[in-house]
Amino acid sequence: VVPTVATSTTTATTSTVPESDCRAVAEHAASLLQTFVDDYDTLTVAEWNALDPPPDLTDVRDQVVQLAQSAVNLGCDPTTMEAMLIDSIDELSAEGAVGGALAAAFRGDDPIFGPPAPVLVTTTTIPRDTEPSTVSVQPGQDLGPVLARIAPGSTVEFAAGTHTFTEPIVVDIDVTFVGAGRDDTIISSSAEGFAVAFIGPGGFEVRDLTIEHTGPSSASVLLTLEGPVRVENALIRGATAGPEDPGGGHGIVFAFEPLEGFPQRSAAERAGILSVQDSVITGNRSAGILVTGDASPQISGVTISNNGSCGVCYTGTSSGTVTNSTLDGNVVGVQIGDDAKPNVLDAVITNNTSTGISIDGRSTASIATTLIDANPVGVQVGGEAAPVLNDNTVTNSDGAGVVMIDASAPRVISNLIEYNGEVGIQIGGSSSPVVESNTI
């Protein structure tokens, strides 16, 4: 059955088959086309054009032709059969650009049984601006064309209101995102994987707005692959992680190590200051801030609360500082592992549900002039870690104030360790600490 079926070699002119049977054949034939559309519906245009070899469009066309012609040969009226087939094909549906082009071709934008027109990547693009600019974006406006057009060094101003996104925002240009205030401007994403990712080159600044993740999809909120990055007066919340995604669900990730599916960066590309200032990181499924590789963020004046694992987690050879910040109600306030060596200064670490500060691996972290209050365990040091704890107050722990185990070798000097529920300092395993000039 091609459009000339009524005058094809068959001589059938009167239907001798129940119309319901003929319609069932038409619907089944159309379902073959729908399956073909569905098979390619999730591809991008570039992925469709890259298929090698290209899909065999004639095969599915020939199957439909053979089914319809067989029905005509058995007695279905050719004109009625073709009308039924056209009706069934008109119901083809798709969600993606490629599937939509295929469905449209089958529906009749091109000959019904001819091969669908190829899906081409458009060659008409808007040139990127040559000079930095400030561009305003309203709620509901598509951000993609803006990021594709502006010059490096530009600023995107998000107007007050909630800007809703269902796909990740990938930032691959030097740009500043600024809102009308973190209580007034919200970037709300239900995307899977991450809400916003800065992959470089250049730098990225976020200030005066909220970035949140909503919905069930597993995702971190803000992912950065290189520096410089500055987050100021921002609220980061709502990252989620399912059981099949143990590595996700973080508020901010400084991903300075190889990450599958993302560009690899050299040390030179990753150079630049990383800073999080005067912000709130809360209600994320895993870490509030995850610091990996050799990233070294400066975290200052930040409240990091009610996150599902650690307020700040350090891995690899990461470093940096946490100063004048509050870590409250996380599972662990600060977790430091591997060869990480951050400095925690003048912080308040309180009401975390497991441990105030946990240090293991071979860490040489420094914790100074910090209040560690009302955690089940104030500080726990394990592995081969050799941190320095100096001039802190460790108080109101349910169990021990400071616990040193395994082969750790911390230096615990000039601290005030008081009002802890069971033990001031507990030393076990083969730990060999230096403990001097403390008030216990």
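All of these numbers come straight from a predicted model, not from anything done at the bench.
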Residues pairing under ring pair (Phe, Tyr, Trp, His ring centres under 6.0 Å) where one sits in residues 131-158, two or more places apart or in two chains, turn out to be F158-H163, F158-F177
Next on the checklist: I'd like to know whether T35 forms a side-chain contact (heavy atoms from CB on, under 4.5 Å) with L32, so could you lay out the CA-CA distance, the side-chain angles of the two residues, the decisive distance to 0.1 Å, and finally the verdict.
Outcome noted: CA-CA 5 Å; T35 298; L32 298 179; 5.7 Å; no
So the salt bridge (Lys or Arg N to Asp or Glu O under 4.0 Å) pairs with at least one residue in residues 352-381 (sequence neighbours excluded) are D339-R362
Would you say N438's side chain and N415's backbone share a donor-acceptor pair under 3.5 angstrom?
yes
H28 and S31 have their tightest heavy-atom pair at O-OG, 2.5 Å
Taking T155 for its side chain and T134 for its backbone only, find out whether a donor-acceptor pair lies under 3.5 Å.
no
**OP:** Evaluate side-chain contact (heavy atoms from CB on, under 4.5 Å) for V344 paired with I349, printing each intermediate quantity in order.
**Re:** CA-CA 10 Å; V344 180; I349 301 176; 4.3 Å; yes
Requested in this report: Quick one: do I150 and S133 satisfy side-chain contact (heavy atoms from CB on, under 4.5 Å)? Show the steps, please.
Outcome: CA-CA 7 Å; I150 58 176; S133 60; 4.3 Å; yes
Residue pairs passing the salt bridge (Lys or Arg N to Asp or Glu O under 4.0 Å) test with at least one member in residues 218-239, sequence neighbours excluded, are E212-R237, E226-R265, R230-E232
When rounded to the nearest 0.5 Å, the distance separating CG of D208 from OG1 of T210 is 10.0 Å
*asked:* Donor-acceptor check, side chain of T292 to backbone of T315, threshold 3.5 angstrom: yes or no?
replied: no
Is it the case that atom CZ in R285 sees more than 12 heavy atoms from other parts of the structure closer than 6.0 Å?
no
